[in-house]
Amino acid sequence: MVLILALPLAAVYGQQAQSTSSPAASRYKAPVISDTGDLKGPRQPIFFRHDIHAGQDQIPCMYCHYSAAVSSEPGLPSLQTCMGCHQLVGGSTPSHQAEIKKVRDAWRERKAPEWVRIHALPGFVRFPHMRHIKVLGTGGCANCHGDVQTMPQVYQVSTLRMGWCVRCHVERKVTRDCSVCHY
Amino acid sequence: MAEQQTPGTSSRVTYDYVTRTIARTLGGPSRGYFVLLGAAVALLLVGIITLLYLLRYGLGLAGYSHPVYWAVFITCFVFWVGIAHSGTLISAILFLFRSGWRTAVYRTAEAMTVFAVMTAGLFPLIHIGRQWYFYWLIPYPNERGLWPNFKSPLIWDEFAIGTYFTVSTVFLIMGLIPDVAAVRDLATGWRKKLYTITSLGWTGTNEQWRHYSKGYLYLAALATPLVLSVHSVVSWDFAMAIVPGWHATIFAPYFVAGAIYSGCAMVITLLTPIRKLFGLEELITVHHYENLAKLCLLTGSIVGYAYVCEYFIAWFSGNPHERAAFWYRAFGPYWWATWTMIICNAFLPLLLWVKKIRTNITALFVISIFVNIGMWFERYVIIVVSLAGEPYEPWANAVYNPTWADWGIMAGSFGWFFMWFLLFVKNFPAVSISEVKEVLAPPKRGQVRSR
Amino acid sequence: MSDSIDRRRFLKVLGVTGAGAATVSACGIGPEPTEKLIPYLVQPEDQIPGKATYYATTCRECAAGCGVVARVREGRAVKLEGNPESPINRGRLCSRGQAALQGLYNPDRVPHPMVRNANGTFEAIDWDGAIQRLRAKVAEARGKGIVFVSGAEVSSFGDLVDEWLKLVGGRRLSYEAFGFDALRAGNRLAFGTATLPTYDLANAKYILSFGADFLDTWLSPVEFQNGFTQAHAFEGGRSASMAKFVYVAPRLSLTGMSADEWIAARPGTEGTLALAMAQVIVSRHLARQPADASRLVGLLSGYAPSAVAEAIGIDQDTIVRLAREFASSGGGLAVAGGMATQYENGAAIVAAVNILNYVAGSVGSLVKFGADSAVGSAGTFADLVALKADMDAGRVALLLVHGANPAHSFPGAFQQALGKVGYKVSFSSYMDETTAACDLILPDHHPLEQWGDSRPRAGVTAFQQPVVQPVFETRQTGDVILQLAGRTGTFKDYVQGKWRTLQPRGRTPAAGGDQFVFDAMTKGGVYGESPTRAVRLAADLSAVAPRLSTEQKGSGEDQTIVVFPHPVLHDGRGANKPWLQELPDPVSKIAWHSWVEVHPDTAAKWGLATGDFLLLRSKFGAQKFPAWLTRSVRPDVLAVPTGQGHVAYGRYAQDRSANAFELLSRDANGYGGRTFVVAATATKTGEHRKIVTTEGSPRERGRGTVEVLGVARAKSLRPGQAPFHHEETPEYASKAVEWWAERQHEKTELGNYRGEHPRWGLAIDLSKCTGCSACVTACYAENNIATVGEDLMQRGREMSWLRLERYWLTDEHGEPQGAVNSPMLCQQCGNAPCEPVCPVFAAYHTPDGLNAQVYNRCVGTRYCSNNCPYKVRYFNWYNYAERGGKYEAFPEPLSMLLNPDVTVREKGVMEKCTFCVQRIRGAQNQARLEDRGVRDGEIVTACQQTCPSEAIVFGDLNDPRSRVSQLAGDPRGYHVLAGLNTKPAITYLARVVAQETPSHG
Amino acid sequence: MSRAIRLPLPKSMRELFDAPPTPGVLGVFSHLDAILDAIKKLRAAGHTDFTVYSPIPRHEIEDALGQPVSPVRMFTLIGGIAGCSIGAWLSLWMSGDWPLVVGGKPILSIPPYVVIMFEMTILFGALTTILGILLNSLFAARRLGTIQYDPRFTNDKFGIFVPAGSDKAAGVETLLRGAGADEVRRG
């Protein structure tokens, strides 16, 4: 459902990512990364740059993490989703092209990349994403995940520990009943 | 204080005699001593190994069976807390009552107290399911912002036992200071150093005595209600629960009496060999034993009365659950435990009415051991049998049998206790020097003294 | 549909990591291990991660053909629930249905084709190779005897097999261990038709069961139970409820426990009793006779109560009374089955009972012929005996076995015979006894992985579709057969082709076909009305009487041994599923092993105690069983369940207890059926074992745990009356208590104490509960409850959050007349004693009135359990989730069925029922997304969902319009141990029994 | 207490523990009545700041010296009150900080918290008492200096040390001998 709605949008952004002529007035410009060594966060099999996709190209989070608004799981984009754009988008710099090639190869070999998990909750905690999106709006992701739009490589900004959750719940005067998260 | 000699002590007993006799106990240990110590350590090792197994595989190794979720470990906990009680009773309460006979025995009793509490304190930690999270019971500021539940008797327990351990320890140390000083002045070598430090520069000036004896008085005054409170709190672990056989208002006094009872018995059990080993017959006399025996007789009778009460109320209340529970107790599969407890605790001590027995140390020793056994079973009966025998739900009843894990931990606890106790009596005066002197007639001019 | 399978393949990849997470995180201390996240290649539209998808299919655990809905999360089937669309089970499911999942993810499945090599052991072989081999064998066996043994297959698969066998010249024998030969024979005797009727229990006004265990395993238990409770419950949802139920059998079975009266007739005399009743009805004109009833006079003349009462073992007044009640009820239904149809004279008994129904005018109204039941299609036992003979004689060159395990249910003889067969092929995906004796194994998909269908009765076709991608390298036997037959297309096409033909006339198959099939699949099948046709008495009834006579055979000290099907393990097919093994037998409450039921008086004669082993030696075999002393069996009868005693069939089934089939005769009886009663000597072996039972006190002893009302008293109750309030604290005290409680609740100022939040509650109607224990298994499935195994269960370590307490209802002589079954689970008390004693707030009261248990906060002091009067808290003594641990409860791939919404508990923590809080939270989240409140009935607990008799209702007690709060106000309602002022959220509705002065003391 | 004024603060921790030697006379007695006699004489002679050693506490000596009641009791009292209030704060504040309902009981239910308060009272009372004893004895030791302490004082001998310059020393000596000292030393 989400997918279908978002498709034309994607095409548009795909194009814009290509065209340098588009008026980028207030648009965030992703830096060119020469050395990925000193970037924060774990190395991923493919150097996927959230700052380019979400920041520069301003693709909404929900486009890839399609189920965050309806399910407790945010959802991980299928390779098909990636290919939706990268059929066309080949990347501007050699380094980008190299990474995009990995995606296309993966698609050809029907072998999905194994992403390294960054945000993990213990098994005894339930975090319904949809409830939080419902309240915070689709822009609310940053509250916990930080300003991903400027992260070349995503890393964990919040502790995701209980005290951190509770503090926010108390500030916003919402329940801190244990059995809301623990069952 | 008593101007005339305490009954039983001969005129040979002078200040000097007291000092030297007691100091002698700290002399080079005999082989027998090492055998005992070795045995204690061996037992402790058994306990440690068992504990490692429990940690690795889980409490399932013990004999627990739904709905018997508390068993031997808690039984031992209550048993040891009980043992701990006579110490402070003798040292504090009898001190306030100015009863002279306590002086010869209170040091042993007090040491016993401290080590018994040390032992008891281990059991709650061992018996919880996730031992590595025991610190969640302590109110410490944490990242989650969670606090313990002060409505839970277990938290009361934690505070009571903690306080009791601290207070009885400092009480013991306080009493030791003048004696350590006395020993210091006789000792040589490394012991000299040790005692110089531990005596905190005690010289026995009038100023020191002045603050010391007042302070000691206040400590005693504080310890007295503490003794009574601690086992009351322990009893509330059960009385606050709604389990038939636990939920009784009589529990606090009943448990306190029981605790002192078992404590005194344990004092007799420990004192007898020490007296022999260290040749303290002159200082610890039949007179002392008789008084301990009388104390046992008193508390024992209270316990016996409590038993009667329990059954009477169970019948009188007409509550079917209560009745069922006590019927099960007496005639259910655990009848043997119940009757062991009743015979050892309620009937055996009646022998102490006889002066001949009361003044026969061997007899007392034997009786005291039976009382210890009986008191252990009392706790076993209260805890295990009450849980096993249809607590409200006719469908939920089980027969529980302890396993090697239960016995292993219990053996370990005895090892742990005796190890500390033995180490203590060899390194610190097991009988109070200054207080024994206090009850002797002070040297006066014109009195001829044999030296 | 094809690509839907592809989807699930990729989902499965993700599912595995998910499952890993669920278990790992739960048993690890400290932070999570870093996981890999594997995305889909193609985005499935019908799957959203974190949200369940539901697929309708059909349960194949027995031949009843119940519709099920599989809940699928990330490609793993995590729960089965009844399909509300199905006319068979109406959305309900039994324990065995629930446990199908453990068949799917069973760790002992045959993972790939295997062939017996030179040195007699199995070795792996690839599919093509295997099929080549089979094709060759078929070729060389042509004409030398090809036999295909299947289960009761009235399905497209059955048709396909038959087509193929016609091709290669073989024959099919469909075999059920507990056949229905007597029913067919009996019906032929009485009405001249060999088909099986349908029984309309729901509309009966008086139910008389001659050994028919229609709540255990007989024909279609879920359907029957649902109907039965409608008729028998106090408020079964119809005007004239509370039909009296009389149970006639030598032993009180699960079905018998619901009886208002138990007639322990002498074994084999059930038919005599039926005819005696018929005689009374006819001679005294108690009912409007059918025209040809007069023909019966001759037959019945010999059956005056006075004449036969002696033989039956009851006094004649009882017979007359029963006859009167039965006839005057204006809707009496007599059912013969189970034990009564497994005697030498079983057929005659069925005939006799038919006659009873006939004279009472029930045939045609409550007993309808025409819709032949699927299980009926099974071949007779005689056929199997014949096959065995052929095999012995070497007349069988190729034997193919699918969905049957004769080597276990027909032990010894069949085993030997197998040795003489040229080549043996098994399609089973479990290494059961028969498979172990085969030469080639071509493991079939589990029913949840395959396409297929089942025709439980005429007019009804239940569809089967794969709900998950195959777990192992199995292949659907249908496809294999098609390949062998050299036909193109997959079995799926074959089945769907058949389905297209089901659509009503007037629509061209080509056009509407796909749409029709798709719609039907979403409903789970095609459900049409069953045709009915009237039957008349057979021309010649002379055969009935002579066959009814029972001559006592066997010497004096011989005991009558009754072998009955285990309510959940049935003929043994359930034995490889830990849920079913750990589920206590509803009557004996014994789990993990088999037993022999001995009456205390008999036991006293032999100086026998519960747990002592008895060696039963019949003419055919000997087995020893531990004794269970019970008054629920006739003193002159010993009863033994089947189900255990497997020598193969996986880690959970193997080498457990003894196989009761060993005792039985190897020859078919007069009507071609199998006799399950045998004379045997019983001797004490001197051995003893502690039996694995959850039974506490068999009597309730007036503790207020269960309440029972006489029907008249119950009917006289007006709304607002509360007959059980005397259970509460005395007036003066209760006032004080109330006042104190109120003050306290005001002070708490929180949650449902101020009525702002819901107060979740449950209502359980004991007059509906039959004790079938389906709820228990459902609870295990929904809440990831660990099974602990035999030796731990023996030490009372079972984790069953929901247990069924069975208390005998006794007559004035203290003899059981039935039992009250009370589901005991956490009562979610308003003033919960367990909460204040927890030192770390792991147990506390949620704002919506739940008695929550925070597993990750629990340190395991176990004080809460001590202080729980209901004793419904269970402790994790070991780490049951530990990979490869001694007590691992979910060995791969069983862990795939763990519910990702529920934490897998760690060693050392307390756990308990919380009204399926995960379902509550799920519904609340959904409601919030849609900006609405939670609707009544939106949240359904696992136990409520599966309960075949609809005895459990969940809802919000603070909402006066909710069903549960209305039931809570029912005059029959009471709280267990209300005197403790725990204010439970569960209201029990008292059991109502026919006799006026019920005693359950 | 005129003596109290003469309390200079210790120059160092070390000094606090063993005070600098003061010139004076030490008398060793083996009889209680003798030392009591000596004390009387000394006080009659106007000596106030002498130290009495004894192996055991004897109230006769205390009476003879006419000492004021030890200030330790104040420590105990304050400690007790502090403990009680800490106990109250712990249980009340912590229950309020994250209110959770258990067993339908009020969040702040006093009866169970009394136990906590009580235990804390005892604990702090005891600890402060110890503190009181140590501090007081310490400062006392500091105030009255000392010379050659005799080990027999912890065994069976009593002693008196009278700080006295060479001028007074002779008088003190005779006084002590008169009272029946076994031996008298000048330091």
Side-chain angles (χ1 to χ4, degrees), chain B residues 57-70 74 124 127-137 144 146-158 237-238 240-244 246-247 319-321 324 383 386-387 390-401 403, chain C residues 29 694-705 792 795-798 803 805-807 822 824 833 835-842 844 857-879 885-887 906-910 976-977 979-980 982:
Chain B
Y57 296 103
L59 285 173
L61 296 172
Y64 296 107
S65 157
H66 187 86
V68 183
Y69 275 1
W70 282 3
I74 297 296
H127 115 286
I128 62 173
R130 299 201 291 177
Q131 295 91 342
W132 50 93
Y133 284 140
F134 74 92
Y135 58 87
W136 282 358
L137 274 71
R144 304 173 212 86
L146 292 170
W147 305 109
N149 172 10
F150 288 97
K151 298 185 189 80
S152 166
L154 292 184
I155 296 292
W156 310 348
D157 236 18
E158 173 193 327
D237 284 349
F238 306 102
M240 289 293 144
I242 60 175
V243 179
W246 286 10
H247 191 57
N319 177 331
H321 307 292
I383 294 165
S386 304
L387 288 173
E390 185 206 304
Y392 293 111
E393 257 279 301
W395 194 257
N397 55 21
V399 170
Y400 159 92
N401 294 312
T403 65
Chain C
I29 311 164
T694 61
E695 184 178 29
S697 155
R699 299 261 187 282
E700 191 263 4
R701 304 214 218 89
R703 293 284 192 276
T705 309
L792 286 193
R795 290 166 64 184
R797 302 278 178 87
E798 71 276 0
R803 64 170 183 264
E805 303 184 346
R806 184 258 300 125
Y807 299 112
S822 160
M824 181 50 70
E835 289 166 354
V837 296
C838 176
V840 291
F841 284 118
Y844 78 103
R857 177 66 172 169
C858 176
V859 295
T861 66
R862 307 192 290 290
Y863 200 168
C864 49
S865 171
N866 291 348
N867 213 24
C868 171
Y870 309 96
K871 290 286 173 273
V872 288
R873 295 177 150 265
Y874 301 89
F875 191 71
N876 287 271
W877 297 108
Y878 294 104
N879 185 351
K886 186 178 174 201
Y887 297 108
E906 184 194 331
K907 164 181 77 184
V909 306
M910 192 63 74
V976 175
L977 300 172
L980 297 174
T982 50

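Labels below follow one simple rule: chain letters A, B, ... track the order of the sequence lines, proteins then strands, and each chain is numbered from 1. Remember, it's a predicted structure, so these values are computed and weren't measured experimentally.
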Atom [atom1] of [X] and atom [atom2] of [Y]: how far apart are they, to the nearest 0.5 Å?
| X | Y | atom1 | atom2 | result |
| --- | --- | --- | --- | --- |
| C:Arg806 | B:Trp395 | CZ | CH2 | 4.5 Å |
| B:His321 | C:Arg701 | NE2 | CZ | 11.0 Å |
| C:Arg862 | B:Leu59 | CZ | CG | 5.0 Å |
| C:Ser865 | B:Trp70 | OG | CH2 | 10.5 Å |
| C:Arg873 | B:His66 | CZ | NE2 | 11.0 Å |
| B:Glu393 | C:Arg803 | CD | CZ | 5.0 Å |

Where on [X] is there a heavy atom nearer than 4.5 Å to chain C: the side chain, the backbone, both, or neither?
| X | value |
| --- | --- |
| B:Trp156 | neither |
| B:Ile74 | neither |
| B:Phe238 | backbone |

The criterion is ring-ring contact (aromatic ring centres under 6.0 Å, His included); which residues satisfy it with C:Phe841, sequence neighbours excluded?
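By the ring-ring contact (aromatic ring centres under 6.0 Å, His included) rule, C:Phe841 matches no residue at all.
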
At a 4.5 Å cut-off on heavy atoms, which part of [X] comes close to chain B: side chain, backbone, both, or neither?
| X | result |
| --- | --- |
| C:Pro833 | side chain |
| C:Glu835 | backbone |
| C:Arg797 | side chain |

With ring-ring contact (aromatic ring centres under 6.0 Å, His included) as the test, pick out the partner of B:Tyr69 among C:Tyr874, C:Tyr863, C:Trp877.
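Looking at C:Tyr874, C:Tyr863, C:Trp877, the match for B:Tyr69 under the ring-ring contact (aromatic ring centres under 6.0 Å, His included) is C:Trp877.
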
Evaluate the criterion side chain to side chain contact (heavy atoms under 4.5 Å, CB included) for residue pair C:Leu980 and B:Tyr392; output intermediate values, then yes/no.
CA-CA 10 Å; C:Leu980 297 174; B:Tyr392 293 111; 3.6 Å; yes

Non-hydrogen atoms of B:His127 and C:Thr861 that approach each other most closely:
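Smallest heavy-atom distance, with atoms named: NE2-O, 3.2 Å.
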
Residue pair C:Asn866 / B:Pro67: nearest heavy atoms and the distance that separates them
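Of all heavy-atom pairs spanning C:Asn866 and B:Pro67, the closest is OD1-O, 4.3 Å.
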
Most heavy-atom pairs under 4.5 angstrom with chain C, which of B:Val243, B:Val399, B:Leu146?
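Maximum pair count with chain C is reached by B:Leu146.
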
Under a 4.5 Å cutoff for heavy-atom pairs, which residue among B:Gly58, B:Ala324, B:Ser152 has the most contacts with chain C?
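The option with the most such pairs is B:Ser152.
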
